Amino acid sequence: MKKYRLLPLAATAVAAATGCGGQERERQPNVIIILADDLGCGDVSCLGSTVLNTPGLDRMCREGLNLTDAHSAAPTSTPSRYSLMTGQYPWRNRDAEILPGDANLLIREDQPTLARMMKEAGYGTAAIGKWHLGLGKGKIDWNKEITPNPNSIGFDYSYIIAATVDRVPTVYVENGIVPGLDPEDPLHVSYTENFPGEPTALTNPEMLKMKWSDGHNCSIVNGIPRIGYQKGGKSAYWDDETMADVFLEKVKAFIGENRDRPFFLYYGLHEPHVPRTPHPRFAGTSGMGPRGDAVLEADWCVNELLDYLDDTGLSENTIVIFTSDNGPVLDDGYADGAAEKWGELTPALPYRGGKYSLYDGGTHVPFFVRWTGHISPGSTSDALVCQMDLFASLAALTGQVIPDNLDSRNTLDTFLGKSDEGRDGLVLGSNGRLSYRLGDWHLIPPYEGPKRNTPNIELGNSCTWSLYLQSEDIHEDVNLAGKYPDKVREMRDSLSRITGECYR
Ligand code: NG6
Ligand code: CA
């Protein structure tokens with residue numbers, strides 16, 4: 001059975017008649033989602049960064065819509081991306097947690113996905129960049145075609161890194177195949193034990209050009225210690241410093257090849273996630289060390305892409321969405337000076353916490369939408385929106401019907417600046433560590449655990465309920481739970497109803 005069918009009403013809404021009695025459809029707009037990795041609102045100059053100048057992102061803002069209350073579904077990558085791709089809350093899948101580099105595909109092949117929905121709508125689809133949603137089934141043989149892969153869940157083309165830059169394997173995967181492997185030197189990966197004789201950060205610290213501060217002490221690749229062990233496959237290793245250029249080239253090639261039909265591109269920037277290894281041409285350009293330089297590299301990529309769309313005449317027919325998979329972090333396991341450079345000025349500002357946190361800074365991310373000629377340049381909306389809702393919203397844009405059991409809600413008009421109506425309520429977080437937004441209120445249930453983690457981020461753990469009114473307390477400093485017990489009860493009951501868990 002076909003999962004999606006064209007809704008004639010919605011279709012006519014998008015596709016104006018061309019003078020042929022409505023039979024011929026106007027071409028549907030291309031859609032590009034650029035998803036940065038760990039970029040905070042406080043990293044973007046037009047959102048208030050006082051230490052970084054980001055002309056590319058400022059251009060997105062100036063030429064498009066700035067959604068000021070936009071959220072990833074969770075404060076870390078895998079659950080956040082899972083939700084964007086499936087339109088489901090990540091906490092519905094217990095395995096939706098930061099995945100190792102050899103994890104299997106987290107999304108069932110028969111699960112509805114944003115990519116497949118766009119493909120069904122007639123779009124050419126590609127995933128380029130960071131993936132972090134797993135690959136294959138069972139023990140992965142990296143020397144053979146790995147299936148399932150992004151192409152199994154709706155992408156026509158994929159050129160990805162399997163997980164993160166700090167996790168092995170340090171190779172690209174193109175349509176399920178590691179390009180450039182030498183059969184004489186097969187690639188092996190393990191997350192449990194090292195391969196005999198292979199150097200690690202612990203046995204051979206003299207090989208390191210970047211120091212680890214926490215966790216990243218397994219295999220050394222390009223002088224950088226990683227998470228996990230790897231042996232062989234050397235001819236296929238990525239070069240950390242040219243990764244941004246490699247992805248951007250693939251992006252331009254995909255757009256170039258698909259410019260005559262609608263395309264959907266999921267572009268996962270790897271910056272400014274650790275290890276921060278921008279191309280040497282960005283070294284020192286931010287004055288804020290490698291993390292700042294990596295932000296500027298990502299910013300440059302965005303600017304280049306916008307230029308490319310302008311130059312190829314595609315901007316009027318391409319919706320470009322820019323956002324980040326979770327809030328920012330400074331020292332995330334490498335001693336690269338980020339924490340020292342930023343000091344008290346966290347890149348999550350003005351929001352509390354950051355990556356990993358239940359506080360607003362965990363999921364409150366930059367979100368810009370540019371569609372030349374359709375979205376008023378420089379417009380702003382403070383509606384509550386979530387990346388998870390792109391699924392239903394883009395289904396509405398393309399006239400597709402999606403299953404009614406998804407969590408994704410159609411907020412297309414808000415994403416396009418035609419409405420200020422956001423979500424009423426939104427559950428944030430993954431795997432049993434959740435908070436709840438209702439209007440301007442943010443409720444955080446009590447959770448055990450440390451107040452701060454090793455990256456020195458306030459996690460939001462507390463033995464009591466916390467309730468914040470963000471419209472009056474943007475940094476969530478004043479816990480109003482004691483003052484508004486009825487609000488706590490109302491939101492607690494909603495959270496229990498939505499999640500099926502009994503919050504007390
Ligand atoms: C953590 C890593 C961190 C980062 C994160 C995933 C350590 C000590 N920390 O476990 O460096 O890789 O996982 O980040 O290993 S995310 O943005 O992909 O979710
Ligand atoms: Ca991330």
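Atoms within each ligand, like the ligands themselves, are counted from 1 in listed order. All values reported here derive from a predicted model rather than from experimental measurement.
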Lys/Arg-Asp/Glu bridge criterion (N-O < 4.0 Å) met for Asp240, Arg226:
yes
What atoms of ligand 1 come within less than 4.0 Å of a heavy atom belonging to Asp166?
3 (C), 4 (C), 11 (O), 12 (O)
Looking only at atom types and distance, does a side-chain atom of Asp473 sit under 3.5 Å from a main-chain N or O of Gln470, one as donor and one as acceptor?
no
Give me the nearest non-hydrogen protein atom to atom 7 (C) of ligand 1 as residue plus atom name, then the distance to 0.1 Å.
His216 CE1, 3.6 Å
Ring centroid separation Phe254 to Tyr267 under 6.0 Å
no
Val385, Leu426, Asp389, Thr323 screened by side-chain contact (heavy atoms from CB on, under 4.5 Å) with His71, the one that passes:
Leu426
Ligand 1 atoms nearer than 4.0 angstrom to some heavy atom of Val274 are 11 (O)
If the cut-off is 4.0 Å to any non-hydrogen atom of His273, which atoms of ligand 1 fall inside it?
4 (C), 6 (C), 12 (O), 14 (O), 16 (S), 17 (O), 18 (O)
Tell me which pairs pass ring pair (Phe, Tyr, Trp, His ring centres under 6.0 Å) where either residue lies in residues 331-352, with sequence neighbours left out.
His216-Tyr334, Tyr351-His364
Checking side-chain polar atoms at under 3.5 Å, does His273 have a donor or acceptor matched by the opposite partner on Thr164?
no
Of all the atoms in ligand 1, which lie at a distance below 4.0 Å from a heavy atom belonging to His132?
18 (O)
Heavy-atom pair with the smallest gap, counting every atom of Phe368 and Val44
CZ-CG1, 4.1 Å
With a 3.5 Å cut-off and no angle check, do the side chains of Asp58 and Ser45 form a donor-acceptor pair?
yes
Can you report which non-hydrogen protein atom sits closest to atom 18 (O) of ligand 1, along with the distance?
Lys130 NZ, 2.9 Å
Counting heavy atoms only, which part of Asp37 comes closer than 4.0 Å to ligand 1: side chain, backbone, both or neither?
side chain
Test of ring centre spacing under 6.0 Å for Tyr229 and Tyr191:
no
Going by heavy atoms, is Ser77 under 4.0 Å from ligand 1?
yes
Asp332: numbered ligand 1 atoms lying under 4.0 Å from its heavy atoms:
3 (C), 4 (C), 11 (O)
For ligand 1, which atoms sit closer than 4.0 Å to a heavy atom of Ile227?
15 (O)
Does the residue Trp212 have a heavy-atom contact with ligand 1, meaning some pair of atoms that are separated by less than 4.0 Å?
no
Suppose the cut-off is 3.0 Å; which protein N/O/S atoms would you list for the Ca ion (ligand 2)?
Asp37 OD1, Asp38 OD1, Asp325 OD1, Asp325 OD2, Asn326 OD1
re atom 10 (O) of ligand 1, the protein heavy-atom contact at minimum distance is Arg167 NH2, 3.4 Å
Taking only heavy atoms of Asn326 into account, list the atoms of ligand 1 that are under 4.0 Å away from them.
17 (O)
What protein heavy atom is closest to atom 17 (O) of ligand 1, reported as residue, atom name and distance in Å?
Lys355 NZ, 2.9 Å
Is a side-chain N or O of Asn104 found less than 3.5 angstrom from the main chain of Gly138, in a donor-acceptor match?
yes
Test of proximity, Thr164 against ligand 1: N or O pairs below 3.5 Å:
no
Asp325/Arg81 salt bridge by N-O under 4.0 Å criterion:
yes
Asp38: numbered ligand 1 atoms lying under 4.0 Å from its heavy atoms
17 (O)
Would you say the side chains of Asp245 and Thr242 form a donor-acceptor pair under 3.5 Å?
no
Pair Tyr503 and Tyr436, ring centroids less than 6.0 Å apart
no
Once the angle between the rings of Phe195 and His188 is folded into 0 to 90°, is it parallel (under 30°), tilted (30 to 60°) or perpendicular (over 60°)?
tilted
Tell me which part of His270 gets within contact of ligand 1: side chain, backbone, both or neither, using heavy atoms under 4.0 Å.
neither
Give the residue, atom name and distance (to 0.1 Å) of the protein heavy atom nearest atom 5 (C) of ligand 1.
Tyr356 OH, 3.4 Å
Fit a plane to each ring of Tyr172 and Phe247, take the angle between them on a 0 to 90° scale, and name the class: parallel (under 30°), tilted (30 to 60°) or perpendicular (over 60°).
perpendicular
